[in-house]
Amino acid sequence: MAKTMKKKKLLFLRFNLGLIIALITVSFIVLGLGNSNSDSISPAVAQRISPSDVWQLVYKQLPDLPKENQYSSKETGKVAENNTLASRLIRYHIYVKGRSPIYRLDWKLTLADYLNANETIYEASYPGKDSLTQNPLEGDRTTIKKLTRNQRNNLVQVLVDIFNTGNR
């Protein structure tokens, strides 16, 4: 009889231990505790909206935004018309800084980087440095500085709207 009771207790403990492990695992998955880079763009979002295509949507909504696409390609020697200010800004934001494209504050931090009011932008890691004959960083900074506060706010709002539309 005592042996049967011990066996039942042991089975009960094993069941509870399994339940506890399952709850902890689910908690990690739901809360994202296992993902140290939870603010980065998720693969699902990246598949729905390709950051390399977003710049076209930006210029469609903000036709007055300077393109700054006068730089020549190292590979062809021709003007790289698709290497625009918006495309470099998006690549810097997502791939260099690892910021989320769906939050307004993150885009404002990125613009603050361009204005030398937040983090340093290093020429060595700036988008376009490897593919263009001239690093476009200083030109991009000058262009961002020339935008009015209202234009910068519009740019941020357009970027957030585009990436959040693809997130639904």
query: Using a distance-only test with no angle check, is there a side-chain donor-acceptor pair under 3.5 angstrom linking N83 and N69?
result: no
field: Validation row: K97, D106 side chains within 4.5 angstrom (heavy atoms)
entry: no
message = Between I90 and F163, is there a side-chain heavy-atom distance shorter than 4.5 Å?
response = yes
Quiz prompt | Non-hydrogen side-chain atoms of Y126 and D140 separated by less than 4.5 Å | solution = yes
Close side-chain approach of L111 to L89, heavy-atom, < 4.5 Å:
yes
For P136 and Y71, the nearest pair of non-hydrogen atoms, with its separation, is CB-CE1, 3.4 Å
Here the pair of heavy atoms bringing R91 nearest to G128 is NH1-N, 4.1 Å
Assess the side chains of Q157 and D161: does a donor N or O sit below 3.5 Å from an acceptor N or O? yes
| request: Take the angle between the ring planes of W107 and H93 and call it parallel below 30°, perpendicular above 60°, tilted in between. | output: parallel
To the nearest 0.5 Å, atom CD of Q151 lies from atom OG1 of T148 at 3.5 Å
In this structure, CG of L132 is separated from OG of S72 (nearest 0.5 Å) by 8.0 Å
Taken to the nearest 0.5 Å, the spacing of R88 CZ from N135 CG works out to 9.0 Å
All heavy atoms of A86 vs all of Y59, minimum pair found to be N-OH, 3.2 Å
Do the side chain of S125 and the main chain of I121 share a donor and acceptor less than 3.5 angstrom apart?
no
- Query: Distance-only, no hydrogens or angles: does the R141 side chain make a donor-acceptor pair with backbone N or O of L137 under 3.5 Å?
  - Reply: no
To the nearest 0.5 Å, atom OG1 of T143 lies from atom CG of L85 at 6.0 Å
Between the CG atom in L57 and the CG atom in L62, the distance rounded to the nearest 0.5 Å is 11.0 Å
ask   = Between the side chain of R152 and the main-chain N/O of L147, is any donor-acceptor distance below 3.5 Å?
value = yes
Is V160 reachable from L109 through a run of I, L, V, M, F, W or Y residues, each pair having side-chain heavy atoms under 4.5 Å apart? no
Practice task
Please test W55 against N82 for side chain to side chain contact (heavy atoms under 4.5 Å, CB included), starting from the C-alpha separation and ending with a verdict.
Solution key: CA-CA 9 Å; W55 69 269; N82 292 337; 3.5 Å; yes
| said: Is the shortest side-chain heavy-atom distance between L115 and K145 below 4.5 Å? | reply: yes
More than 12 heavy atoms of other groups within 6.0 Å of Q70 CD:
yes
Next on the checklist: Count I, L, V, M, F, W, Y as connected when their side-chain heavy atoms are under 4.5 Å apart, and connections chain through other members. Are V54 and V156 then in the same cluster?
Outcome noted: yes
Here the gap from K74 atom NZ to D130 atom CG, rounded to the nearest 0.5 Å, amounts to 6.0 Å
